[in-house]
Each structure stands twice: as structure tokens, then as C-alpha cells.
Amino acid sequence: MVRPAYPTVVGGPVFTERTSVGLDVHARSVAAAAIDGVTGELFQTKLPPGNDRILEWVRGVPGPVAVAYEAGPTGFGLHRTLTAAGVRCVVAAPSKLQRPSGDRVKTDARDAVHLARLLRLDEITPVSIPTADQEAARDLVRAREDCRGDLMRARHRVSKLLLRHGLVYDGGAAWTGKHDRWLTQQHLAGAASRAALDAGYETVLQAKARRDRLDRAITDLAADSEFTPVVRRLGCLRGVSTLTGFALAVEIGDWARFTGNSIGSFVGLVPSEFSSGQSRVQGPITKTGNGHARRLLVEAAWHHQPQYRVGAVLRARWELASAAARARGDLGNRRLHDRWVRFGQRRKRHTIANIAVARELAGWCWSLAVMDD
């Protein structure tokens, strides 16, 4: 009897390549493992970093070959190199990898073998691979997010320094022009304290200037890029400004891979659940998936609490979108505000109500993003 080259299971997944390769990729080393489906032979090695060196080793194992590695800080350059060379490559979602509960030994070599076996069984959940331009736009958005955090921490340090000296601003909202003038008039006793205040305030100004430059870069890119149609449609919803819409567009990427129900799970806005038999217990939201997109949706959901009206800012965004997008955005705005009203009538805590509104807002964003212009 002739042994089949590529074993298959009736009704199950089919692995079409001869050799499955698992790579445990790190900045300075790569553990590689290849399983030959014909002979059952296992090839293992440790490679230096470099996509060309990895490709050279992959070409040396019996082909055709499929490769898998985990998504991580090394990015998607290896995927693009292998794909351009005609090698099928799967980038695995680390949180979805199956691992036996009794496996207590973790090494790079074992991880590579584990990936190769899961790839052969088609048991790997892949991540969506952005293009080089999409990844660059995502880097820009995340740089702005980091800058926002730096600015917030710098402001907190200044305000807490003043609080320790008994100085508290009570002239309205903080970090406005009036507040800045008040800050420049404060003179602490002692040269060391004054130097600390000057350094803290200078850090605030530098972070704010850096954030404003990134805001302008994002606004320019949102006005003329592949994301422009999606950003303009998302802008029909309250709380979704150009910056928010662009960030959602680049973080979600391919909206078509979701549905109105599943996108809430992707951003971690669905309740956790522990159910067995007749018992069903739901807990806090899962907070899995894309945390940046989740924060943006939660912040945007608060804008739907006040009475709905179409102001000058929202109308200006509507002018950039199609009539169908404006109609759907108006319907979504009314629906989300009604949800807030009903939650208020039921005396729901605002934080819990806002999460529910944010979960539905994600669905409305999806419906606008997948629309045809």
C-alpha cells in the first residue's frame, strides 16, 4: 500500500503542504521546528535574526512548506518576506493558542514544535495582517496615544506638586488658557521647589506641543488616505471625531471580518461568563482584544448621554459623508441616546450603562464602516 503524501481526515481540516514549520521569533534569536508530513521527521535549529536567513532555512526543508509564528513586537515583516517568496505564512493570535494544562515546561524550542503541530492540525487562529501603509498609520495613532498618556502624567505631577505646597486652582476647568496664566503666576518658596515646578511645567508644554503636531499629522492623513471614506462615515456618530474615527479605522483594519454582534467581543466589551449546567454567572467585561479601540468607544459613548441635537460640529462632519451614512448615523445617535434614557429610568449606574452603550456603539460603527459609498 502506498502511503498518502498528505494525510487527511474526512470532514476535518485539510493541511495541503508537506512540511509545517513553527518559528518562535525573538529580537536576537529564532527557534525553528519543521515537521515532515511524509516521513514524520522533525527538524529543529536555532537561527540568528534576519528574515533572509529564516527564508533560506525554510527553503531547505522538504516542500511545499507552511510557516506559523506568533504575533508580537517583531511585527509583520517576516510574514511579508515569506509571502513574497511564495511561502504560506500564518501569524497566530497568542491568546488563542491551545496548550495542554499539564504542560509545565516552556522553552523556545518546545514552543516552535507546538506551533508546527498546531499548524498541521489547522488549529491556529490567525491575526489580520495589515499592509505596510496600514501599519504605519497604526504606529502614528499609537504614538499619539503614548503622547496623550505622557501629557496626562506630566499634568498630574505638576498639580500634585502644587497641592503639596497648598496651592489648588479653583477658577474653573483645569488646563485651559486661564489655568495656564494662573500657573505662571505661582512662585514657590525655595530655589529647589521653583526649579521642580519649572521643569514639570516645561514637560507639560513639550508634551502638549508634541501631541498637537501628531494631531495635525493624523488630521492630514485622515483627509487623504485609504481610510478617508471610513473616517467620514464614522464621523456621522456623536463622539466620533476625526481623530477617534481614524484611530478606530486603523486599529480595526478589516471591518468585514466581523459582524455587528462579534465586534463587541473583539474589543472586550462583552460580559465574562462562567456557566455550567443550570448555573449561569456573568461577570465584568472581558477587556480582551484591542484596548485602544475599547477606550475610544467607551469615551465616545459618554457623548450620547445628553439630549440629542445636531450641532454645528456634527453637521460639519455630516457634510463630508453620503446621504445614506448621514441617515444611518442619525438613526444610531437616536437609538444610543434612547438607551441612555432607558438605563436612567431603570436607575442603572452610569458606568455600567456607558459600557452597554459603548458595546452597541461598536455595532453602529461596524454598520457604517462596511457601507458602500
Side-chain angles (χ1 to χ4, degrees), residues 71 76 126-145 148 214-269 289-304 308 310-336 357-373:
F76 302 102
V127 300
S128 177
I129 308 299
T131 64
D133 291 339
Q134 291 171 348
E135 193 170 13
R138 188 177 297 175
D139 289 340
L140 178 61
V141 166
R142 293 181 180 180
R144 199 268 181 189
E145 177 75 0
R148 183 196 67 86
L214 291 171
D215 285 352
R216 289 191 294 270
I218 291 174
T219 301
D220 293 342
L221 192 57
D224 185 19
S225 68
E226 60 180 294
F227 304 103
T228 302
V230 174
V231 173
R232 290 177 175 176
R233 291 196 297 268
L234 293 178
C236 295
L237 293 168
R238 284 206 294 177
V240 183
S241 63
T242 299
L243 295 177
T244 300
F246 186 81
L248 288 172
V250 301
E251 290 291 343
I252 301 299
D254 182 13
W255 295 79
R257 58 198 170 114
F258 301 108
T259 65
N261 291 328
S262 65
I263 192 169
S265 176
F266 172 73
V267 293
L269 287 172
N290 195 304
H292 185 199
R294 179 171 62 252
R295 184 189 68 79
L296 294 172
L297 290 167
V298 170
E299 289 187 356
W302 288 108
H303 290 260
H304 292 272
Y308 174 52
V310 182
V313 175
L314 183 58
R315 191 173 298 278
R317 297 206 302 263
W318 278 14
E319 294 297 327
L320 301 175
S322 63
R326 291 197 298 269
R328 183 166 298 181
D330 179 69
L331 182 63
N333 291 333
R334 296 181 186 278
R335 160 78 179 180
L336 293 171
V357 173
R359 182 166 56 247
E360 185 166 340
L361 174 61
W364 283 102
C365 289
W366 170 86
S367 70
L368 284 164
V370 298
M371 284 182 65
D372 294 326
D373 287 325

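Count residues from 1 along the sequence.
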Taking atom CG as the centre, does Asp224 end up with more than 12 heavy-atom neighbours from other residues, nucleotides or ligands that are less than 6.0 angstrom away?
no
Could you report the tightest heavy-atom contact between Ala321 and Ala325, atom names first, then the distance?
CB-CB, 4.0 Å
Where is the tightest heavy-atom contact between Trp255 and Ala369, given as atom of each residue plus distance?
CD2-CB, 3.4 Å
If every non-hydrogen atom of His304 is compared with every non-hydrogen atom of Ala300, which pair is closest and at what distance?
CD2-O, 3.5 Å
Does this structure show an ion pair linking Arg315 with Glu319, if we count only N-O contacts that are shorter than 4.0 Å?
no
Least distance between heavy atoms, Leu368 atom then Arg233 atom:
O-NE, 2.7 Å
Close side-chain approach of Thr219 and Phe246, heavy atoms under 4.5 Å
no
Does the Arg317 side chain pair with the main chain of Arg238, one donor and one acceptor, at a distance under 3.5 Å?
no
Work out which heavy atom in Ala222 is nearest to a heavy atom in Val231; give both atom names and the distance.
CB-CG1, 4.4 Å
From Cys365 SG over to Ile263 CD1, what is the distance, rounded to the nearest 0.5 angstrom?
7.0 Å
Would you mind listing every salt bridge (charged side-chain N to carboxylate O under 4.0 Å, His left out) that reaches into residues 246-260, with sequence neighbours excluded?
Arg142-Glu251
For Asp215, enumerate each residue passing the side-chain hydrogen bond (donor to acceptor under 3.5 Å, both in side chains) test, keeping only those at least two apart in sequence or located in another chain.
Arg144
What residue pairs, at least two apart or across chains, pass salt bridge (charged side-chain N to carboxylate O under 4.0 Å, His left out) with a residue in residues 320-336?
Asp330-Arg334, Arg335-Glu360
Mind checking the CG-CG spacing from Leu296 to Leu361? Nearest 0.5 Å is all I need.
10.5 Å
Leu234 side, atom CG; Phe227 side, atom CZ - distance, nearest 0.5 Å
12.0 Å
For the side chain of Asn290 and the backbone of Leu248, is there at least one donor-acceptor N/O pair under 3.5 Å apart?
no
